[in-house]
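Below: one structure, written as structure tokens.
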Amino acid sequence: SSSSSSSSYVDHSHLYNNTYHPQAPEPNYTDLGPTTKLNLFTAINSAMQTAMKTDPTAIMFGEDVAFGGVFRCSQDLREEFGEGRVFNTPLSENGIAGMAIGYASAGGTAIGEIQFGDYIFPAFDQIVNEMAKFRFRSGNQWNCGGVTLRTPVGAVGHGALYHSQSPEAYLAHTPGIVVVMPRGPRCAKGLLLSSIRSKDPVVFLEPKILYRSAVEEVPDADYQIPLGKAEILRLGTDVTIVGWGTQLRTLQIAADLAAKEGVSCEIIDLRTLLPWDAECIIESVKKTGKLVVSHEAPLTCGFGAEVVATLQAECFFHLEAPIQRVCGYDTPFGLVFEKHYLPDEKKNLDAIRRVMEFSL
Amino acid sequence: NAQRQGRISFYMTHHGEEAIHMGSSSALKPQDCVFAQYREAGVLMWRGFSLDQFCNQCFSNDLDLGKGRQMPVHYGSRALNYQTVSSPLGTQITQAVGAAYKFKLDAAIDPGKEAAISIVYFGDGAASTVDFHSACNFAATLKTPMIFFCRNNGYAISTPVEDQYAGDGIISRAPGYGMAGIRVDGNDLFAVHAAVAKARELALESSAPVMIEAMTYRQGHHSTSDDSSRYRDTDEVQTATDVSDPLVRLSRFLKHFGWIDDNAAASIEDEERIDVLRAMEAAETRPDPKLDTMFQDVYHEKPPHLIRQEEELKRHMKKYNNPHQ
């Protein structure tokens, strides 16, 4: 907890004592036993397999999941768990979401797959009006905590308007759901297991470009990573840089470039966007005095805006420079100019240099 | 009329649909999960929801099971296996498919245990929503044991069925989705009961959805926010009532067999009216739920940002001596 004497106009630090950890504490990866090199889709597959082995009510469904899924996330699951538990649904995202809610409300664990995050919008009535409000409106008589909706998101190199979107901002504006985005295979397995087992409905956003390209040593064990908690990937002293999903790779490259210029960056992965770990960022910015937030999704009302608004309120007197947002532009995600559109490492390095200029 | 007197904010009557409620509910088992739209309170009443419980919800008091969070008539009871009503139309239909799927898997695991279905109620208007169509398709392809129960009462607020569909009602859609179905006189208590009983049997035997379209008439306004004389003749309402009011028909039936006489009928109505007024008065005088409940149940466990916001509200109210606290 903070011991700072001059925090924001109302000191909330006594409230930030990491109470929201409904899952196990942060695993020490070296204690988790043998590992296997997995990419993102196999790590997700491993999490689902583990969840379905340990929870006989767990079912997995969506479009094309029976043969293994368009991104192979569900491969071999039907063979292992049977057609009653792993099955195709007709082509209807609202149907997938509604069915997941109903199944969970009857006491089961429902893992629904939405084939692309760009197609989650038909399910929005179910997500916003039903899933998010299910427990609250019933006076806690009913709940659909057993729901996890998984969907691939983010730029993939050629996805254009309808295979590249990152819809986290729409979702994070919805009290009652949990929104999670892993940055790689190892945390994906732990976060997905936490999400599936969470007593709250979770929307789990998977950066599709990492499905094959990200490969890490992933523990074979059954482990969980706490929801609602950010992770500091690299300690630093000059600038705090915050992102989620694929963007952490970009930020790490930008930080390496900045290091060559003598700038020490603290890199933080939010991991859960709702509820998000404001304390972690606040503690960091109190130390560095400078913040850069970066995401692929468009700038206006992107989730970065939430981070920035909170940080300027909580850390105003600690800030040495205006907070920077490095984001996608406010256009639909066009095909031909993708590389210009994305908030790449050069744009982030530029933002880091900009905040450093203020503090000289 | 408590709403016009300003005692409750809103209400929806069920005049003319009582046979649907009692006929269907009496043919179900307690383990059958009910997904209602909003004009099915009789179903909940049959299951045992008390007048006090109904009134507590309508008056949003401290005993409301929903903790005062929803408008009146948005009832729900876990104990009676009646899902909490939500205002968005049709969303319950796809959810009922998911619940039925759970019951199907449960039955496969434990065939000795008494099987359950889900039943989902919806009106002629809600049958136009996207969730209706998705749900029919999912239920039929996934073979979920459930009943799709359409209350075709002629109106969706002011929209008559002529503006709602061009086909032959709702039931004509069932074969299109690969689903069995039946149309029934919704104002005939025994017909409704028989249809639901048979549909339930069929749903469980073949592990499949069955649709019932119950033809009825919405005698009352859509809600207390509606004045139906603006879009329909009072003659039409009167005719429908004269010809086919379910309570009148049942009453005639009972009297025909000498199982009830006019005096008994009148005194039952009087007793019930007194009980309702008593429950209303009791509910009305009860306090609001505690302010502590405002930030609860958004999540299973209250996260830090809600703890913070709750403290902000408490600080604000203390500072300005808010009369609510």
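Basis for what follows: all heavy atoms, side chains included, without hydrogens, waters or symmetry-related copies. First the proteins, then the strands, lettered A, B, ... as listed; each starts at 1. Note that the structure is predicted; figures quoted are calculated from it, not measured.
- Residue B:Tyr75: no heavy atom, backbone or side chain, is found under 4.5 Å from chain A.
- The environment of A:Tyr170 atom OH is sparse: at most 12 non-hydrogen atoms of other residues, nucleotides or ligands sit within 6.0 angstrom.
- The heavy-atom pair separating A:Gly84 from B:Leu105 by the smallest distance is O-CD2, 3.9 Å.
- Minimum interatomic distance between A:Pro175 and B:Val298 (heavy atoms only, all atoms of both residues): C-CG1, 4.0 Å.
- Rounded to the nearest 0.5 Å, atoms CE (B:Met294) and CZ (A:Phe136) are 8.0 Å apart.
- For A:Glu93, no part lies near chain B; criterion is any non-hydrogen pair under 4.5 Å.
- Between the side chain of B:Tyr299 and the backbone N or O of A:Ile177, at least one donor-acceptor pair lies under 3.5 Å.
- Not a single donor-acceptor pair under 3.5 Å links the side chain of A:Trp142 to the backbone N or O of B:Gly76.
- Between the side chain of A:Arg137 and the backbone N or O of B:Gln70, no donor-acceptor pair lies under 3.5 Å.
- Side-chain contact check for B:Gln95 and A:Ser105: no donor-acceptor pair (N or O, by modelled atom type) lies under 3.5 Å.
- Ranked by non-hydrogen atom pairs under 4.5 Å with chain A, the options B:Pro88, B:Ser87, B:Cys33 are led by B:Pro88.
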*Begin from the C-alpha positions of B:Ser86 and A:Lys133 and carry the test side-chain contact (heavy atoms from CB on, under 4.5 Å) through to its verdict.*
CA-CA 9 Å; B:Ser86 71; A:Lys133 299 169 170 61; over 6 Å; no
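- Listed for the A:Gln126 side chain is a donor-acceptor partner under 3.5 Å among the backbone atoms of B:Thr91.
- Residues of residues 44-53 of chain B having a heavy atom under 4.5 Å from any heavy atom of chain A: none.
- A distance of 13.5 Å separates OG in A:Ser138 from NE2 in B:His74, rounded to the nearest 0.5 Å.
- Here B:Asn81 is the residue among B:Asp106, B:Asn81, B:Leu306, B:Val85 with the most heavy-atom pairs under 4.5 Å with chain A.
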*Would you please test A:Thr57 and B:Lys102 for side-chain contact (heavy atoms from CB on, under 4.5 Å) and show each step?*
CA-CA 8 Å; A:Thr57 77; B:Lys102 178 71 168 57; 4.3 Å; yes
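- The two residues A:Asn140 and B:Lys67 come nearest to each other via the heavy atoms CB-NZ, 4.3 Å.
- For the options B:Asp131, B:Ile109, B:Asp64, heavy-atom pairs under 4.5 Å to chain A are most numerous at B:Asp131.
- Put simply, CZ on A:Phe87 and OG1 on B:Thr141 are 9.0 Å apart, with the number rounded to the nearest 0.5 Å.
- B:Gln296 touches chain A through its backbone: at least one of N, CA, C or O sits under 4.5 Å from a heavy atom, while the side chain does not.
- When every heavy atom of B:Ser77 is checked against every heavy atom of A:Gln141, the shortest pair comes out as CA-OE1, 3.3 Å.
- Interface remark: B:Arg69 contributes side-chain atoms only to the contact with chain A (heavy atom separation under 4.5 Å).
- Only the backbone of A:Thr174 comes within contact range of chain B, with heavy atoms under 4.5 Å apart.
- In plain terms, the two heavy atoms of A:Gly139 and B:Asp297 that are nearest each other are C-OD2, 4.0 Å.
- The six-membered or imidazole ring of A:Phe61 lies away from that of B:Phe138, with a centre-to-centre distance of 6.0 Å or more.
- Only the backbone of B:Tyr82 has a heavy atom closer than 4.5 Å to any heavy atom of chain A.
- Shortest non-hydrogen contact noted between A:Gly98 and B:Thr94 is CA-OG1, 3.5 Å.
- Counting heavy atoms of neighbouring residues, nucleotides and ligands inside a 6.0 Å radius, atom CD of A:Glu79 exceeds 12 of them.
- In terms of non-hydrogen atom pairs under 4.5 Å with chain B, the most contact-rich of A:Asn129, A:Ile96, A:Asn94 is A:Asn94.
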